[in-house]
Amino acid sequence: MSILQSVLTLLPILWLIVALAVLKIPGHKACLVALVIAAALALTLWHMPVVDCVTSALEGFAAALWPIILVIIAAIFTYNLSLRTGAMDVIKRLLTNVSSDQRVLILLIGWCFGGFLEGMAGFGTAVAIPASMLAGMGMNPITACLVCMLANAFPTAFGSVGIPTVTLSNVTSLDALPLAFMTVVQMIPFMILVPFLMVMAGSGGPKALKGVVGITLVSGLSFVLPELLVAKFLGAELPVIVGSVISLACTLLMARARKNKAVEPAYSMQSGPSSAVKDSMSPGVAFLPFILIFVLLLFTSKLVAPVNTFLATFSSSFQISTSAAASTTSFSWINTPGILIFIAAIIGGIVQRASAKVMWETLCATVKQMVKTIITIMSVLAVAKIMTYSGMISDMANLFVTITGRFYAFVAPIIAAIGAFVTGSGTNTEVLLGRLQSEAATAIGASPYWLAAANSVGAGIGKILSPQCIATAVAAVGLTGQDSKVLSAVLKWALLMLVIACLLIGLLQGTAEIWV
């Protein structure tokens, strides 16, 4: 494998960055071209058989449709139906009664509620639902996407009841308990920093922190400290769920304590007058779909093992890709977030007196709204599968190891971020690169726990830059096709976090033995 050929593995990624950030090409078109580039490279330079290339792309399409696109459509359908029934106006009024301060609502909805959704469900819910809620409350849609994507970066490692970190433990053969703890240790500075970045990014820069430093600090600390304790003693499944719930409680208490404090007009999100129909809906009914989402996700999660185990029997596995590197692809037909969210939305819609006709019209409108997003996500997952099974991702990572040598720790997060940029998934990034990170650590005399955890840190940052994540966000707020605007908005913040991650992980790698 020549150096030039290894460098060419970056071509699909570089194309996506240039196409989205510089040329402002719509995401679905840019990703289709990236698919062509990846396939051409795999077929020619990597000598991937045509059948393997085609079936690998088909596996990517299938993985995109179920569960990723399913859960995004379900989340946006829930929001759109809440708009049709008037429930979202009631929710908006109730939340602004807690606080009309945009900065506080960013913390409550984007940080706390978004973190909870990531911990319970993942698969785009943590971006789609909070972003659509904030946009529905009057926030600029680009800003709503930006703050929710920033919030999603670091909970990703423990999303979907800890699946990414559990997966990382399996592929690296490292003990899950110290690995989970090490991961949170590396994330401590970011879990405190990100709420501040969200307030600044969402409300006009550093000056927006005036008057909310205390609540912002508490929101971050009350999330990460419980997360640290849970990871230390219980493992990877519960850190984000527990942390987000405690953070929500603490942030709500502080919001209520400052309720009578005057809010500057620049940060005010007071709700407007409501119609009589909307006023007639009780808060419980308005929130019912979201309460049901919480209950169903909790009741069917691994926390309720008998139910989870029973529902797991309703699944199928298929061998789609013919590549020797491919394994079977599994599909859970009931216990998947998209199905559960649909159930919650339909029950909630019935209670909110939405007719079957209204729900069907809302679903059709949602799918129509999502067409370009569906193309984007299917293309990205096909690129990821082709690059993985052809060996392109592995060669790319090995190139970085060869070039950096003993300074590899400084670039470990970058490698993970590139993997997540391509796959749009923390779990897939752990599968792709987790083993490489731990083996690289052994080669340079570093702790495999430290660099495996670094893979999770980098993956979270790379995920929020991925076309898949951006497509989810823009679809949620009705900006389909404007992916480049969201990428431009989030890019500088993500690069800042990536630089900090590289420096912290590189400079502090010698402290790893303290934490294991």
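Under a 3.5 Å cut-off, the side chain of E237 and the backbone N or O of G162 do not form any donor-acceptor pair. In this structure, the side chain of W66 engages the main chain of S332 through a donor-acceptor pair within 3.5 Å. Judged by distance alone, with hydrogens and angles left aside, the side-chain atoms of Q319 form a donor-acceptor pair with the main-chain N or O of S321 at under 3.5 Å. T429 places a side-chain N or O within donor-acceptor distance of the main-chain N or O of S425, the cut-off being under 3.5 Å. Looking only at distances, no side-chain donor or acceptor of W111 sits under 3.5 Å from a matching main-chain atom of F223. Looking only at distances, a side-chain donor or acceptor of T156 sits under 3.5 Å from a matching main-chain atom of N152. For S390 (side chain) and W46 (main-chain N/O), no donor-acceptor pair under 3.5 Å exists by modelled atom type. T55 contributes a side-chain N or O that, together with a main-chain N or O of T322, makes up a donor-acceptor pair within less than 3.5 Å.
Few gaps surround CZ on F318; more than 12 heavy atoms of other groups in view lie less than 6.0 Å from it.
Under the 30°/60° scheme for interplanar angles, the aromatic rings of F407 and F410 are found to be tilted.
Residues passing the side chain to side chain contact (heavy atoms under 4.5 Å, CB included) test with C31 are L16, T376, S379, V380, P467, sequence neighbours excluded.
Side-chain contact of S330 with S315: a donor-acceptor pair under 3.5 Å is absent, judged by distance alone. Using modelled atom types, one finds a donor on one side chain and an acceptor on the other under 3.5 Å when comparing S456 with E430. At a cut-off of 3.5 Å, with distance as the only test, no side-chain donor of Q509 or Y408 sits close to an acceptor on the other residue. Side chain to side chain, T300 and N335 meet the donor-acceptor criterion of an N or O pair below 3.5 Å. Side-chain contact annotation: T328 with S317, donor-acceptor N/O pair under 3.5 Å absent.
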Item checked: Trace of the side chain to side chain contact (heavy atoms under 4.5 Å, CB included) decision for L41 with M392 -> CA-CA 9 Å; L41 289 172; M392 292 170 68; 3.8 Å; yes
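Atoms CD1 and OG1, from I73 and T373 in turn, are 9.0 Å apart once rounded to the nearest 0.5 Å. Remark: I106 CD1 to L150 CG distance equals 10.0 Å, nearest 0.5 Å. Between the CE atom in M48 and the OH atom in Y389 there is a gap of 9.0 Å [rounded to 0.5 Å]. Annotation: the span from L35 atom CG to F61 atom CZ amounts to 5.5 Å, rounded to 0.5 Å. With rounding to the nearest 0.5 angstrom, the CG atom of L117 is 11.0 Å from the CD1 atom of I109. Note: K29 NZ to L23 CG = 12.5 Å, rounded to the nearest 0.5 Å.
Between S466 and A420, the closest heavy-atom pair is CB-O, 3.6 Å. Taking both residues in full, the closest heavy atoms of L146 and A201 are given as CD2-CB, 3.6 Å, listed atom of the first, atom of the second, then distance. Closest heavy-atom contact between L177 and L234: CD1-C, 3.6 Å.
Between K463 and E118 there is a salt bridge, since a side-chain N of the basic residue sits under 4.0 Å from a carboxylate O of the acidic one.
In summary, the aromatic rings of F158 and F154 are positioned with their centroids too far apart to meet the 6.0 Å limit.
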